[in-house]
Number of protein chains: 2
Amino acid sequence: MDADDESILAFLKAVSSRHRLLILTWLLAPRQHFPPQRDGDLVEDGVCVGFITEKIGMSQPTVTGHMQILAEAGLVTSRRIKNWVFYRPCRDVIAARLGGLEGLLGAAAPEGGGPDAQ
Amino acid sequence: MDADDESILAFLKAVSSRHRLLILTWLLAPRQHFPPQRDGDLVEDGVCVGFITEKIGMSQPTVTGHMQILAEAGLVTSRRIKNWVFYRPCRDVIAARLGGLEGLLGAAAPEGGGPDAQ
DNA sequence: AGACTATATAGGTATCTGGCTATATGGATG
DNA sequence: CATCCATATAGCCAGATACCTATATAGTCT
């Protein structure tokens with residue numbers, strides 16, 4: 001387990017919660033899930049906490065907590081505009097973690113295609 | 001969240017544990033991590049619980065518990081030969097879950113490449 | 001059959017997780 | 001400057017998780 005694996009593990013812990021996985025999929029396709037915002041573009045700036053809170057039907061502090069876990073894993077960034085905080089997905093980081101996970105688990109052959117292949 | 005997403009979530013919960021992720025990577029490349037076995041081939045039959053227990057340095061019941069979680073997520077299967085139980089990874093299921101996760105998270109563009117793309 | 005071996009189950013405990021309410025913070029607005 | 005608004009933090013509690021030891025189970029071998 002090197003540092004790379006640690007970030008993959010953080011990614012897995014972040015998205016292994018039903019609610020966080022759901023939120024992340026919403027953020028990745030925000031116009032499909034949220035109405036337009038006055039003071040920030042859904043795609044360019046992200047989705048404000050209030051929208052997420054309302055849609056998921058949990059308390060605002062709980063949602064903030066989930067967003068912090070996603071942020072600490074590097075999967076989203078936040079930006080403040082006026083009174084709102086907008087969370088936007090980090091598509092490159094998400095792609096990198098998916099790629100890293102595939103590198104760990106996705107090998108088709110047991111030992112690199114050698115004589116061990118089934 | 002449909003049934004497909006549920007299996008992805010089960011996959012994520014199974015591999016979001018450091019120890020289980022480690023074990024799964026060992027099982028995927030067993031000859032790199034374990035010595036040959038007398039009564040079962042590492043690749044064809046899988047790795048016996050005793051080997052995993054010794055290598056990971058935890059109690060045998062704890063390891064059995066981890067293996068059951070991996071098995072319930074469909075990521076490994078078990079086979080008994082004589083007194084040993086061998087666990088082998090289900091490479092097709094693992095690949096399917098990885099693919100499903102990419103389908104959820106891997107879209108490069110926000111809304112399918114439409115005018116929302118950044 | 002009886003002893004032995006490897007794994008599974010039961011049961012107990014400490015820690016982690018995920019939710020809540022109440023309150024603080026930091027900007028915006030009048 | 002005072003108020004208000006959206007979000008963040010603090011603190012609490014219930015349930016889940018991850019480990020352990022002790023014991024049961026199921027199969028092998030003499």
Side-chain angles (χ1 to χ4, degrees), chain A residues 1 6 9-24 27 34-40 42 45-73 75-88, chain B residues 1 6 9-24 27 34-40 42 45-73 75-88:
Chain A
M1 286 271 172
E6 287 302 320
L9 201 55
F11 162 72
L12 289 170
K13 285 182 189 294
V15 297
S16 64
S17 143
R18 164 180 274 102
H19 286 148
R20 285 193 295 269
L21 183 59
L22 191 58
I23 290 171
L24 192 55
L27 294 190
F34 300 100
Q37 298 171 139
R38 268 206 325 280
D39 288 297
L42 282 174
D45 301 306
V47 181
C48 77
V49 174
F51 275 12
I52 302 170
T53 296
E54 189 181 359
K55 187 174 178 77
I56 207 163
M58 295 193 305
S59 75
Q60 172 264 312
T62 296
V63 171
T64 290
H66 282 316
M67 299 317 296
Q68 287 174 349
I69 289 171
L70 289 171
E72 270 157 35
L75 308 183
V76 302
T77 52
S78 65
R79 159 188 312 189
R80 173 156 206 147
I81 301 178
K82 293 191 180 171
N83 264 335
W84 296 272
V85 174
F86 298 90
Y87 283 93
R88 203 180 64 146
Chain B
M1 285 270 173
E6 286 302 319
L9 201 55
F11 162 73
L12 289 170
K13 285 182 189 293
V15 298
S16 63
S17 142
R18 165 181 272 100
H19 287 147
R20 285 194 295 270
L21 183 60
L22 190 58
I23 289 171
L24 192 56
L27 295 189
F34 300 100
Q37 297 170 139
R38 268 205 326 280
D39 288 297
L42 282 175
D45 303 305
V47 182
C48 76
V49 174
F51 275 11
I52 302 170
T53 296
E54 189 182 359
K55 187 174 177 77
I56 208 164
M58 296 192 306
S59 75
Q60 171 265 311
T62 296
V63 171
T64 290
H66 282 315
M67 299 318 296
Q68 288 175 348
I69 289 171
L70 289 171
E72 270 157 35
L75 308 182
V76 303
T77 50
S78 64
R79 160 188 311 190
R80 175 157 206 148
I81 300 177
K82 294 192 180 170
N83 264 334
W84 296 272
V85 174
F86 298 90
Y87 283 92
R88 201 181 65 147

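- The distance from atom CG of A/D39 to atom C1' of C/dA28 is 11 Å, rounded to the nearest whole Å.
- Straight-line distance from the CG atom of B/L22 to the C1' atom of D/dA18: 16 Å, rounded to whole Å.
- Between A/Y87 and D/dA6 there is no side-chain polar atom (N or O) within less than 4.0 angstrom of OP1 or OP2.
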Acceptor/donor pairs from residues 45-56 of chain B side chains to any protein atom, 3.5 angstrom cut, sequence neighbours excluded:
residue	atom	partner	partner atom	Å
B/D45	OD1	B/R79	NH1	2.6
B/D45	OD2	B/D41	N	2.5
B/T53	OG1	B/V49	O	2.9
B/K55	NZ	B/H33	O	3.4

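- Of the inter-residue distances, the one linking A/L9 atom CG with A/S16 atom OG reads 9.0 Å to the nearest 0.5 angstrom.
- Looking at B/L27 and B/M67, their side chains come closer than 4.5 Å, going by heavy atoms from C-beta outward.
- The separation between B/Q37 atom CD and C/dA6 atom P is 13 Å, rounded to whole Å.
- Looking at the side chain of B/I69, the nearest of the listed nucleotides D/dC19, D/dT7, D/dA18 is D/dA18.
- Going from atom CH2 of B/W84 over to atom C1' of C/dC4 covers 12 Å, rounded to whole Å.
- OP1 or OP2 of C/dG19 sits under 4.0 Å from a side-chain N or O of A/H19.
- Look at A/T64 and you won't find any side-chain N or O under 4.0 angstrom from OP1 or OP2 of D/dT7.
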Problem set entry | Working for side-chain contact (heavy atoms from CB on, under 4.5 Å), residues A/V15 and A/L75 | CA-CA 9 Å; A/V15 297; A/L75 308 183; 3.9 Å; yes
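- At a threshold of 4.0 angstrom between heavy atoms, the contacts of B/F51 with the nucleic acid are absent.
- Here the nucleotide nearest the side chain of B/N83, chosen from D/dA18, D/dT7, C/dT5, is C/dT5.
- Computed from coordinates, the A/I56 CD1 to C/dC20 C1' distance equals 15 Å when rounded to whole Å.
- Counting only N and O atoms by type, the side chains of B/Q68 and B/T64 include no donor and acceptor under 3.5 Å apart.
- Side-chain nitrogen and oxygen atoms of B/Q60 include none within less than 4.0 Å of the OP1 or OP2 phosphate oxygen of C/dT9.
- At C/dT17, none of the side-chain N or O atoms of A/H66 fall inside 4.0 Å of OP1 or OP2 (strictly under the cut-off).
- Among C/dT7, D/dC20, D/dT7, the nucleotide with an atom closest to any side-chain atom of A/C48 is D/dT7.
- Contact annotation: A/Q68 reaches the phosphate of D/dT9 (side-chain N/O to OP1 or OP2, under 4.0 Å).
- Phosphate proximity of D/dC20 to B/T62: present, with a side-chain N or O under 4.0 Å from OP1 or OP2.
- Checking the phosphate oxygens (OP1, OP2) of C/dG18, no side-chain nitrogen or oxygen of A/R18 falls inside 4.0 Å.
- If you measure from atom NZ of B/K13 to atom P of C/dG18, you get 7 Å, rounded to the nearest angstrom.
- Considering only side-chain N and O atoms, A/R80 lies nowhere under 4.0 angstrom from the phosphate OP1 or OP2 of D/dA6.
- Distances shown here put every side-chain N or O of B/K82 at or beyond 4.0 Å from the OP1 or OP2 atom of C/dT7.
- Atom C1' of nucleotide C/dT5 and atom CZ of B/F86 are separated by 13 Å, given to the nearest angstrom.
- Within the 4.5 Å cutoff, side-chain heavy atoms of A/I81 are placed close to those of A/F86.
- Separating the CE atom of A/M67 from the P atom of D/dT9 is a distance of 14 Å, rounded to the nearest angstrom.
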